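Here the structure comes first, spelled out in structure tokens, and everything after it is commentary.
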Amino acid sequence: MKKIAQKLALSLLACSTFEQSGWALDSGTQNLTTTVGATDYFKINCAGDTDHLNFKLLENATTADPVETPDKPSVTIGTVNPTTGPILPQILNAKLSKLKLTTSASKIAAGTIKEISLSGGNGSYLLNLDTIGTNLNLKNSQIYSVQYQCLNTVNKVTTGSAIVTGSLSNGSTKSYTIKCSKSKTTGDTSSLKIKITNKTAITKIKSAAQVIETPASGNLMAQVLKGVTALNTIGEVLNLQGGNGDYSVMVNSPVNAAKNYRFQYSCLNTSNIETKTSLIQILQDQ
Amino acid sequence: MKRFIFLMLTGLSFNSSAHDYSGVLPAEASAVDFLGVSCNADGDMVPDKMYFKISSPDTTPLISAQIAKGNFVTNMTPNRGGVEIYQGEGLYRVTVDKNGTGVASYSIEYHCESGGDHTETTITHY
């Protein structure tokens with residue numbers, strides 16, 4: 001029992017030194033012995049608004065030196081790269097409203113621009129900015145500019161036209177009131193047009209290690225269980241829809257072959273955005 | 001620790017008190033049959049183990065089964081005799097799967113025991 005406890009402590013220590021690769025966590029290298037019946041057993045806890053656990057088994061995977069990897073904002077938000085998990089940039093959301101009229105622009109990623117327009121006539125418009133859905137692993141405040149113009153029916157500027165800049169930290173919101181009125185020369189305002197530029201620098205992330213895969217041989221298998229649902233894999237990505245709670249992972253060999261392996265895992269919500277994923281807990285190391 | 005994870009390969013053959021279950025896994029590699037074998041006390045006979053054996057006529061893909069209870073799990077391949085899993089009373093979670101694509105069939109034999117006596121044994125296919 002003491003030996004197992006020591007292995008557990010060492011494994012947890014080793015895991016704690018791993019950073020996320022993409023946004024998937026990595027088990028680190030594990031070893032399965034040739035003992036008949038040998039099975040490694042792990043527990044992963046998902047919290048927040050988890051919909052499913054994304055899991056990939058990597059047989060005989062080795063690692064290269066740590067590398068600087070640019071985070072790619074061009075990747076569609078919410079997609080899952082089978083190897084690295086979802087790639088999420090920092091984002092802003094904007095909502096423009098006037099009385100019961102509303103329009104919005106969501107997921108304005110770092111380095112991108114979006115425009116919105118609301119036809120509300122003369123009067124006060126309210127612009128709200130927030131960071132809901134941004135990558136919370138990136139802690140720096142986002143820099144933005146808002147350029148707005150009050151326009152008449154033929155898109156001539158009436159009153160109120162300016163550029164403001166600001167910054168927004170994760171979890172914060174900002175509001176601007178923009179007043180459009182009648183111009184002596186161009187007449188009544190028909191609409192307010194706003195251009196939001198997310199000027200935040202695209203962050204580079206450092207992955208702990210670049211995983212080099214070898215094709216699955218079928219000599220190593222993993223099962224992921226939650227409640228009364230189970231899935232099996234020999235290397236392909238699987239998604240087990242089990243919500244929040246503890247997921248069990250079993251790794252074994254149908255031919256009792258010794259294997260080095262690792263696995264990547266990530267708790268995701270229905271939009272494939274990372275929720276809260278625990279480090280692995282080793283229940284049995286064989 | 002040994003007391004809890006002791007496994008013994010046995011040559012036990014089918015007997016009239018054993019329970020049997022047969023299944024066929026569909027073609028996809030991710031297919032799993034997930035079963036729960038519940039070992040319950042019969043009067044004052046409290047089960048101390050579950051006997052388990054898996055057989056399959058198919059070798060490609062290769063079937064295997066995992067039996068888990070608490071923080072213990074073991075892996076079984078077909079046609080290698082049975083095992084006695086000393087994990088006491090309660091629910092044993094059994095997964096049956098395979099190492100690739102293709103339909104594969106299997107049958108399992110299982111029963112709960114207290115010493116040498118069989119106790120109440122029920123199975124659920126989730």
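These numbers come from a predicted model, not from an experiment.
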Original post:
Is there side-chain contact between A/Leu238 and B/Ser30, with at least one heavy-atom pair below 4.5 Å?
Top reply: no
Original post:
Taking A/Ala230, A/Gly227, A/Ala38 one by one, which has the highest count of heavy-atom pairs under 4.5 Å against chain B?
Top reply: A/Ala230
**OP:** Let me know if A/Ser248 has heavy atoms under 4.5 Å from chain B in its side chain, its backbone, both or neither.
**Re:** side chain
Original post:
Heavy-atom distance under 4.5 Å to chain A: side chain of B/Ser64, backbone, both or neither?
Top reply: side chain
Original post:
Do you know which two heavy atoms are closest between B/Ala29 and A/Glu236, and how far apart they sit?
Top reply: CB-OE2, 3.8 Å
Original post:
Once you round to the nearest 0.5 Å, how far does CG of B/Asn75 lie from CG of A/Asp40?
Top reply: 11.0 Å
Original post:
By a 4.5 Å heavy-atom criterion (distance strictly below it), what part of B/Ala31 contacts chain A: side chain, backbone, both, or neither?
Top reply: backbone
**OP:** Working to the nearest 0.5 Å, report the span between CE of A/Met250 and CD1 of B/Ile67.
**Re:** 9.0 Å
Original post:
Going from NZ on A/Lys226 to CZ on B/Phe34, what distance comes out if it is rounded to the nearest 0.5 angstrom?
Top reply: 11.0 Å
Original post:
Among A/Thr229, A/Val255, A/Thr233, who wins on heavy-atom pairs under 4.5 Å with chain B?
Top reply: A/Thr229
Subject >> Atom pair CE (B/Met76) and CG (A/Asn252), whose distance is rounded to the nearest 0.5 Å >> reply: 12.5 Å
Original post:
Which heavy atom of A/Met221 sits nearest a heavy atom of B/Lys98, and at what distance?
Top reply: CE-O, 3.3 Å
Subject >> For the student: nearest non-hydrogen atoms of B/Thr74 and A/Gly37, plus distance >> reply: OG1-O, 3.4 Å
Subject >> Contacting moiety of A/Leu220, where chain B heavy atoms sit under 4.5 Å >> reply: neither
Subject >> Separation of B/Glu28 CD from A/Leu231 CG (nearest 0.5 Å) >> reply: 10.0 Å
Original post:
Closest heavy-atom contact between A/Tyr41 and B/Ala68?
Top reply: OH-CB, 3.9 Å
**OP:** Please round to the nearest 0.5 Å and tell me the distance separating atom CD1 of A/Ile234 and atom OG1 of B/Thr101.
**Re:** 7.5 Å
Original post:
So among B/Val32, B/Val73, B/Thr95, which one has a side chain to side chain contact (heavy atoms under 4.5 Å, CB included) with A/Leu225?
Top reply: B/Thr95
